[in-house]
Amino acid sequence: MKSPAEGADTPTWEQKFKSHFSATLNVCVDIWVRCIENGIRHFHLLWALYHLKVYRTESVAAGTLIHLEDRWDDWNMWGPTCYVDGSNCKVWERRPISKSDFSHKFKRAGIRYEVATAFGVSKIVHIGGGVPCGDWPDLKLARHSLLPRLALDECVAGDKGYREEVGNGRFWTPIDNPDCNKEFDFHNKLLQRMGAHHETVNKRLKDFGVLAQCFRGDRSKHPDCFFACACITQIYLRYKPLFHLA
């Protein structure tokens, strides 16, 4: 928020501060002192003021950490810009049982998300989904959630679940029986490395019990939990980055 050319005493800096928190720095200091005087020792003042100012939902707030534009950072200027894959989470069966919930992976009810990661940097660049597994296979979800956000003719990488009926379209996917062609073999090996790069993120997401275990709460709250875990994972990637693809 503060640039090297701006001090906290400049009108521009104060205007930016107020646009985020609806209060000046002096007002925030006054509130903080009053909180301390009244024994409130663990008071996240700026978070609270920001929430009151913006009043975003959890899923929208997740966007402040996850940006699709980051896929261009240190991109090598050829091929796909990111790797996308589905992530399924177990949930309680609805009554009556619905086929739309069925996950072939779990053989029971599940909610599907999609996660896209960049190649040039260790960042999640897209989160989508929170939809019933049976009604939303990977390709359908990506067409609905990710592709409309991409540039014209931009391609992304994925596994066989993203193959389209006619060619691969905007998805780089594995090629069957590549042994007779060195170019195809190289293509598949590159995709395997991209997939392993991405799978590290999936494993870190499933380190959270709320995503790895069967969700026992209100199903409508599950997307908020997933997006929160994704934001924490995004921060963790700053300290434990993914291996370099080059």
Side-chain angles (χ1 to χ4, degrees), residues 66 68-72 75-91 98-206 211 223 226 230 242-243 245-246:
I66 297 173
L68 186 62
E69 293 77 13
D70 290 342
R71 71 194 187 280
W72 303 117
W75 183 52
N76 58 19
M77 302 300 292
W78 69 272
T81 58
C82 58
Y83 191 98
V84 62
D85 194 16
S87 180
N88 297 345
C89 299
K90 300 175 186 176
V91 293
S98 174
K99 290 183 179 179
S100 66
D101 287 339
F102 185 75
S103 166
H104 291 280
K105 179 179 180 180
F106 300 134
K107 307 301 181 184
R108 57 164 301 146
I111 294 179
R112 173 167 287 135
Y113 299 86
E114 67 179 7
V115 179
T117 52
F119 292 134
V121 290
S122 293
K123 289 183 178 180
I124 299 170
V125 296
H126 168 78
I127 296 287
V131 293
C133 287
D135 280 349
W136 290 87
D138 288 337
L139 181 57
K140 179 181 176 180
L141 180 56
R143 284 173 171 169
H144 177 83
S145 179
L146 178 59
L147 290 190
R149 303 183 64 197
L150 301 180
L152 185 65
D153 296 329
E154 181 180 349
C155 294
V156 297
D159 60 22
K160 293 181 179 180
Y162 293 93
R163 284 184 175 172
E164 300 186 272
E165 293 180 2
V166 180
N168 280 344
R170 300 181 67 182
F171 295 94
W172 275 38
T173 59
I175 299 173
D176 290 333
N177 302 319
D179 297 337
C180 59
N181 188 306
K182 290 184 178 180
E183 184 177 343
F184 290 170
D185 184 57
F186 175 78
H187 171 91
N188 281 2
K189 288 180 178 178
L190 181 59
L191 277 173
Q192 286 178 358
R193 187 165 173 80
M194 290 175 178
H197 181 265
H198 178 90
E199 187 59 28
T200 303
V201 173
N202 275 345
K203 289 179 179 178
R204 291 183 184 179
L205 285 171
K206 292 303 176 71
L211 303 185
F226 191 93
L242 305 175
F243 65 83
L245 279 172

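Hydrogens, waters and symmetry mates are skipped; everything else that's a heavy atom, side chains included, is used.
- Checked against side-chain hydrogen bond (donor to acceptor under 3.5 Å, both in side chains), S98 has the following partners two or more places apart in sequence or in another chain: S100.
- Closest approach of L191 and A157 over heavy atoms only: CD2-CB, 3.7 Å.
- Between H197 and F243, the ring planes lie perpendicular to each other; the angle is over 60°, past the 30° to 60° tilted range.
- The neighbour count for F106 CZ, taken as heavy atoms of other residues, nucleotides or ligands under 6.0 Å away, is above 12.
- V115 places none of its side-chain heavy atoms less than 4.5 Å from the side chain of D85.
- Looking at heavy atoms from C-beta onward, I111 lies out of side-chain contact with W136 at the 4.5 angstrom threshold.
- Of the inter-residue distances, the one linking S87 atom OG with K105 atom NZ reads 6.5 Å to the nearest 0.5 angstrom.
- For E154, the salt bridge (charged side-chain N to carboxylate O under 4.0 Å, His left out) test picks out R71, with sequence neighbours left out.
- With a 6.0 Å radius and a threshold of 12 heavy atoms from other residues, nucleotides or ligands, K206 has its NZ atom above the threshold.
- Judged by distance alone, with hydrogens and angles left aside, the side-chain atoms of H187 form a donor-acceptor pair with the main-chain N or O of T173 at under 3.5 Å.
- With contacts defined as side-chain heavy-atom distances shorter than 4.5 Å, the pair L245/R193 qualifies.
- Distance check: R149 CZ to E69 CD gives 7.0 Å after rounding to the nearest 0.5 Å.
- Within the 4.5 Å cutoff, the side chain of Y162 has no heavy atoms near those of the L141 side chain.
- Under the ring pair (Phe, Tyr, Trp, His ring centres under 6.0 Å) criterion, H126 pairs with no residue, sequence neighbours left out.
- Considering only residues two or more places apart in sequence or on other chains, K160 meets the side-chain contact (heavy atoms from CB on, under 4.5 Å) condition with R163, P174, D176.
- Distance alone, capped at 3.5 Å, is enough to place a donor-acceptor pair between the W75 side chain and the P80 backbone.
- Residues satisfying the ring pair (Phe, Tyr, Trp, His ring centres under 6.0 Å) criterion with F226, sequence neighbours excluded, are Y113.
- K140 NZ: more than 12 foreign heavy atoms inside a 6.0 Å radius.
- When all heavy atoms of C155 and W172 are compared, the closest pair comes out as CB-CD1, 4.1 Å.
- With values rounded to the nearest 0.5 angstrom, R108 atom CZ is found 12.5 Å from N88 atom CG.
- If you take CG on N202 and CD on E199, they are separated by 4.5 Å, rounding to the nearest 0.5 Å.
- Looking only at side-chain heavy atoms (C-beta outward), L139 and F171 come within less than 4.5 Å of each other.
- Shortest non-hydrogen contact noted between L211 and L205 is CD1-O, 3.4 Å.
- Here CG of L242 is found 5.5 Å from OG1 of T200. Values are rounded to the nearest 0.5 Å.
- When all heavy atoms are compared, the tightest approach of L68 to L150 is CD2-CD2, 4.4 Å.
- By the side-chain hydrogen bond (donor to acceptor under 3.5 Å, both in side chains) test, D101 pairs with R94, R219, sequence neighbours left out.
- A donor-acceptor pair under 3.5 Å is formed between the side chain of N188 and the backbone N or O of I175.
- The two atoms that bring P148 and A142 nearest to each other are CD-O, 4.2 Å, heavy atoms only.
- A salt bridge does not link D135 with R112: none of the charged nitrogens is closer than 4.0 Å to a carboxylate oxygen.
- Smallest separation of non-hydrogen atoms from D138 and G161: CB-O, 4.2 Å.
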